[in-house]
Trainee: 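For reference, the structure I am asking about is given below.
For clarity, every value in this text was computed on a predicted model and none was experimentally measured.
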Amino acid sequence: MATPRGADDEALVHEQARRLRVTMLAAGIDRPQLWLYYFSIGGDVSEFELDAYLHHSLALPRLQRDMLAQAANEILIDLAPPKAPYAADLTGGPTVSTGRSAADDGNAPLLDRDAKDRNDPRI
C-alpha cells in the first residue's frame with residue numbers, strides 16, 4: 001500500500017523515535033521531563049501517546065515528532081556543562097580554534113565561583 005501524500009513512511013517514524021530514545025538515554029532525560037517540556041512549547045499529544053510513540057505503537061504526525069525533537073534538544077542545551085575556557089577566552093584575545101575573541105564567541109569570562117565550587121572534590 002502506498003504512503004499517503006505528505007505522510008512519512010513507517011520506517012522513518014520508527015527511526016526518529018529510536019533516535020529520540022537514544023538521545024534521552026544518553027542525556028538522562030526521562031519521559032515525564034520530555035513530555036512536560038514538549039507540552040510547554042505547544043505539543044498536543046498526551047504522555048501516554050508519547051510512550052506509545054517511543055515504543056513504536058503509535059505513529060505521530062511529523063510536526064509533533066519534530067516538536068519532541070525540539071524539546072529534547074532544548075533540554076540538552078540546558079543540561080550542557082559550561083565549556084572549559086582557552087587562555088584567550090580569559091584575556092579577550094583570539095582563540096586558537098576560531099581566531100575570534102571570547103566576546104565574539106559568547107564565551108566571555110565568568111566571575112569567580114564561590115569557595116564551595118573551588119573546593120569541589122570532583123574537580
Trainee: Please round to the nearest 0.5 Å and tell me the distance separating atom CG of Asp78 and atom CD of Gln33.
Mentor: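 It comes to 9.0 Å.
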
Trainee: Hey, quick one: are Leu12 and Leu68 part of the same hydrophobic cluster, counting side-chain heavy atoms closer than 4.5 Å, chains of contacts allowed?
Mentor: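 No: no chain of side-chain contacts under 4.5 Å links Leu12 to Leu68.
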
Trainee: With clusters defined by side-chain heavy atoms of hydrophobic residues (ILVMFWY) lying less than 4.5 Å apart, directly or transitively, does Ile77 cluster with Trp35?
Mentor: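 No: no chain of side-chain contacts under 4.5 Å links Trp35 to Ile77.
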
Trainee: Going from CZ on Phe48 to CG on Leu58, what distance comes out if it is rounded to the nearest 0.5 angstrom?
Mentor: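 Between Phe48 CZ and Leu58 CG, I get 9.0 Å after rounding to 0.5 Å.
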
Trainee: With sequence neighbours left out, what residues match Asn73 under side-chain hydrogen bond (donor to acceptor under 3.5 Å, both in side chains)?
Mentor: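 side-chain hydrogen bond (donor to acceptor under 3.5 Å, both in side chains) list for Asn73, sorted by chain: empty.
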
Trainee: Filter on side-chain hydrogen bond (donor to acceptor under 3.5 Å, both in side chains), then keep only pairs touching residues 39-48, sequence neighbours left out; what's left?
Mentor: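 Only Asp44-Gln64, Ser46-Glu49 qualify under side-chain hydrogen bond (donor to acceptor under 3.5 Å, both in side chains).
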
Trainee: Side-chain donor-acceptor pairs under 3.5 Å in residues 19-27, sequence neighbours left out?
Mentor:
residue, atom, partner, partner atom, Å
Arg19, NE, Glu15, OE2, 2.7
Arg19, NH2, Glu15, OE2, 3.3
Arg21, NH1, Leu54, O, 2.5
Arg21, NH1, His56, NE2, 3.3
Thr23, OG1, Arg19, O, 3.1

Trainee: Do you know which two heavy atoms are closest between Leu90 and Pro85, and how far apart they sit?
Mentor: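 The answer is CD2-CB, 4.1 Å.
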
Trainee: Who pairs with Ile41 by side-chain contact (heavy atoms from CB on, under 4.5 Å), at least two apart in sequence or on another chain?
Mentor: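 If we apply the side-chain contact (heavy atoms from CB on, under 4.5 Å) test to Ile41, skipping adjacent residues, the hits are Tyr37, Met67, Gln70, Ala71, Glu74.
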
Trainee: Which heavy atom of Ala72 sits nearest to which heavy atom of Leu34, and what is that distance?
Mentor: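 Smallest heavy-atom distance, with atoms named: N-CD1, 3.6 Å.
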
Trainee: Return yes if some donor-acceptor pair links the side-chain N/O of Asp66 with the main-chain N/O of Leu63 below 3.5 Å, else return no.
Mentor: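 No; zero donor-acceptor contacts below 3.5 Å.
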
Trainee: Which atom names give the shortest non-hydrogen contact between Asp51 and His55, and what distance separates them?
Mentor: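 In terms of heavy atoms, the two residues are closest at O-ND1, 2.9 Å.
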
Trainee: Not counting sequence neighbours, which residues clear side-chain hydrogen bond (donor to acceptor under 3.5 Å, both in side chains) with Tyr53? List them please.
Mentor: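 Counting only residues at least two positions away or on another chain, Tyr53 forms no side-chain hydrogen bond (donor to acceptor under 3.5 Å, both in side chains).
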
